[in-house]
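Reading through the structure tokens given below for one structure.
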Number of protein chains: 2
Amino acid sequence: MNFVRRHDERLPLYQRLRDELSERIASQQWRPGEAILTEAELVKQFSASIGTVRKAIDMLVAEGALERFQGRGTIVRRARFDSSLFRFFRFQKESGERQVPEGRILRREVMAAPSAVASALRLAPGSEVIHMTRLRLLNGKPLLAESIWLPKEKFAALLDIDTGAFGDLLYPLYEERCGQVIASAEEDLTAEAVDEVHARLLQLQPGAPVIVVERVALGYDRQPLEWRRSRGPAEQFRYQVEIR
Amino acid sequence: MNFVRRHDERLPLYQRLRDELSERIASQQWRPGEAILTEAELVKQFSASIGTVRKAIDMLVAEGALERFQGRGTIVRRARFDSSLFRFFRFQKESGERQVPEGRILRREVMAAPSAVASALRLAPGSEVIHMTRLRLLNGKPLLAESIWLPKEKFAALLDIDTGAFGDLLYPLYEERCGQVIASAEEDLTAEAVDEVHARLLQLQPGAPVIVVERVALGYDRQPLEWRRSRGPAEQFRYQVEIR
DNA sequence: GAGTGGTCTAGACCACGGT
DNA sequence: CCGTGGTCTAGACCACTCA
């Protein structure tokens, strides 16, 4: 079927091309790290000129879906933000190098999704979810307390692994064990005075300020795959933005 | 003098063109809201092809310096983030519409720049600065306590105006009275337990969590023009980001 | 209707990466 | 060396804005 007809023909060609490529990426036609078609090939297949093809690719690069390498090709980008903590919390060593905090699973259970979770994950109310609580530490000092919810349907394979063997990063685990690739995320920051439970977990005075980060992690097709809420001491928190 | 020679000739043409336009904007050859040269004119003046000119303009649009309007021209963008508070604090009415909080200047003084301020504003140590404290309120309720520092050299005209006549937005005032146009800003967020002084100003319990926003505001030439530190109740704070 | 930016073409040559 | 993306040209026609 002609790709043009699958998209709104009133759209500019470069838009339809972008959408087409975006769909192919979402359908995992190429896995992260793999090269997509060359520009010359796209020119042929879509009967577009090189400039138009490049504009479509440019858009996907700007969106973070692709990455170009002169001489090598254009590659499906692998999101690497399990360490996005670093956007918000300063865990650097004095040397400035990044460390991956230790991840320790405290609890894992299967339950019916609370309504807020069902809505964030776009599940039917009452669907089964995997709920985990996890503590992240650096040099034995607790830095972040996390509550993580996953749709059981997609992540059941995690239940077969001992939680002690989860390792420090979850997204590679999701990919290897469950074939679920995280492509992007939306985060929502708020702040509050810490409650008793988290004060104990994070070794803080009750009432000390904490930052709360709520994250929906999405696949390449933008379907929500994970929802988590993380709390960390406000003292460690720092975020920088540029505004225009 | 040939514009090409003023830039590194090893750079691609579209880069040199971008730099040239960027410099002209910084030098206020066009004021915010005014149209720059048309694409056709740029093609002539720089002996480049339309595609190259468009690429240079595209970059400046992406950077937020320009804005295109089909049929009208390409305009120097006016930064409109005095209300960037809305990025961080939710002040919306139930209706969702934005209100400009009332701004009330509590104090204004001329002093030697504290070293942190001198460094943020890139002033020689001990330079004279204008320091103001300001409270922002909505429906009479205090929302934000601000400390603002300005280089006296550029902003001396402000000292002639009664602080009661400052109005609710400062950046338009800077532009009208001092000819200083704010083009962008860098913000730095942290959180802390509120101290006594700010607890009283913001009508909070001592120790309640507050968000601290430090902002350096820059001109089109990226020279720092203002430094401010704002504190607001964490309860009102919310920030959303997308991560890829 | 005149003038602006928006889309698109069909090439050319260059710079870089891997073999 | 070959194949990749990077830069650049010199047009054409369309869609929109404003007088």
Side-chain angles (χ1 to χ4, degrees), chain A residues 2-5 7-22 24-25 30 32-77, chain B residues 2-5 7-22 24-25 29-30 32-78:
Chain A
N2 189 325
F3 96 100
V4 168
R5 314 200 153 259
H7 302 277
D8 188 332
E9 301 192 22
R10 294 165 303 181
L11 256 33
L13 181 53
Y14 70 84
Q15 269 286 0
R16 283 174 279 166
L17 227 156
R18 186 217 82 92
D19 294 348
E20 177 70 19
L21 289 174
S22 175
R24 293 198 186 180
I25 295 167
W30 308 284
E34 283 178 18
I36 66 166
L37 299 176
T38 67
E39 296 183 345
E41 189 61 32
L42 290 167
V43 163
K44 254 191 288 179
Q45 288 196 19
F46 296 103
S47 330
S49 76
I50 179 73
T52 304
V53 166
R54 288 184 61 82
K55 178 143 187 173
I57 295 177
D58 281 344
M59 295 180 78
L60 290 165
V61 169
E63 289 170 38
L66 295 176
E67 210 167 352
R68 296 172 180 280
F69 295 95
Q70 179 169 149
R72 284 207 278 134
T74 300
I75 262 75
V76 176
R77 188 162 162 272
Chain B
N2 189 325
F3 96 100
V4 168
R5 314 201 152 257
H7 303 275
D8 189 332
E9 302 191 23
R10 292 166 304 181
L11 256 33
L13 182 51
Y14 70 85
Q15 268 287 0
R16 283 174 280 168
L17 227 155
R18 186 217 81 93
D19 294 348
E20 177 70 19
L21 289 175
S22 175
R24 293 197 187 180
I25 294 167
Q29 180 161 135
W30 308 283
E34 282 178 18
I36 67 166
L37 299 176
T38 67
E39 296 183 344
E41 190 59 33
L42 290 167
V43 163
K44 255 191 288 180
Q45 287 196 20
F46 295 104
S47 332
S49 76
I50 179 71
T52 305
V53 166
R54 288 185 61 82
K55 177 143 187 174
I57 295 177
D58 282 344
M59 296 181 77
L60 290 165
V61 170
E63 289 170 38
L66 295 176
E67 209 168 350
R68 295 172 183 279
F69 295 95
Q70 179 169 146
R72 285 206 279 133
T74 300
I75 261 73
V76 177
R77 187 162 164 274
R78 178 187 300 276

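Residue numbers start from 1 in every chain, and the chains themselves are labelled A, B, ... in the order their sequence lines are given, proteins ahead of strands. Computed from a prediction, not measured in an experiment: that's the story for all the values here.
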Looking only at heavy atoms, what is the nearest atom pair of [X] and [Y], with distance?
X       : Y       : result
B/Arg77 : B/Gly64 : NH1-O, 3.1 Å
A/Glu67 : A/Val61 : N-CG2, 4.5 Å
A/Leu66 : A/Val76 : CD2-CA, 3.9 Å

Could you work out, with salt bridge (charged side-chain N to carboxylate O under 4.0 Å, His left out) as the rule, every residue matching B/Arg78, not counting sequence neighbours?
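B/Arg78: salt bridge (charged side-chain N to carboxylate O under 4.0 Å, His left out) contacts with B/Glu175.
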
Could you walk me through whether B/Arg16 and B/Leu13 pass side chain to side chain contact (heavy atoms under 4.5 Å, CB included), step by step?
CA-CA 5 Å; B/Arg16 283 174 280 168; B/Leu13 182 51; 3.9 Å; yes

Checking [X] now: which residues fulfil side chain to side chain donor-acceptor pair (under 3.5 Å) with it, not counting sequence neighbours?
X       : answer
A/Glu41 : A/Gln45
B/Arg68 : B/Glu39, B/Asp58
B/Glu63 : B/Arg18

Under 4.0 angstrom, heavy atoms only, what part of the nucleic acid is B/Ala40 near: base, sugar-phosphate, or nothing?
nothing

Under 4.0 Å, counting only non-hydrogen atoms across every strand here, what does A/Ala35 touch: a base, just sugar-phosphate, or nothing?
nothing

Range on DNA chain C touched by chain A, heavy atoms, distance below 4.0 Å:
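Footprint of chain A along DNA chain C, 5' to 3': C/dT7 to C/dG18.
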
Any side-chain heavy-atom pair of A/Leu60 and A/Thr74 under 4.5 Å:
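They are not in side-chain contact.
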
For A/Ile75, give me all partners under side-chain contact (heavy atoms from CB on, under 4.5 Å), at least two apart in sequence or on another chain.
A/Ala35, A/Phe69

Heavy-atom nearest nucleotide on DNA chain C taken for B/Thr74 and for A/Leu11; more 5' hit belongs to B/Thr74

Restricting both atoms to N or O, compile the protein contacts to nucleotides 15-19 of chain D shorter than 3.5 Å, with distance only.
unit_1 : atom_1 : unit_2  : atom_2 : d
D/dA15 : N3     : B/Gln70 : OE1    : 2.9
D/dC16 : O4'    : B/Gln70 : OE1    : 2.9
D/dC18 : OP1    : B/Arg72 : NE     : 3.3

B/Thr52 or A/Ile36, whichever maps to the more 5' nucleotide of DNA chain D
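The 5'-side residue here is A/Ile36.
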
Can you pull out the residues from residues 53-65 of chain A that lie within a 4.0 Å heavy-atom distance of DNA chain D?
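Going residue by residue through residues 53-65 of chain A, the ones with a heavy atom under 4.0 Å of DNA chain D turn out to be A/Arg54.
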
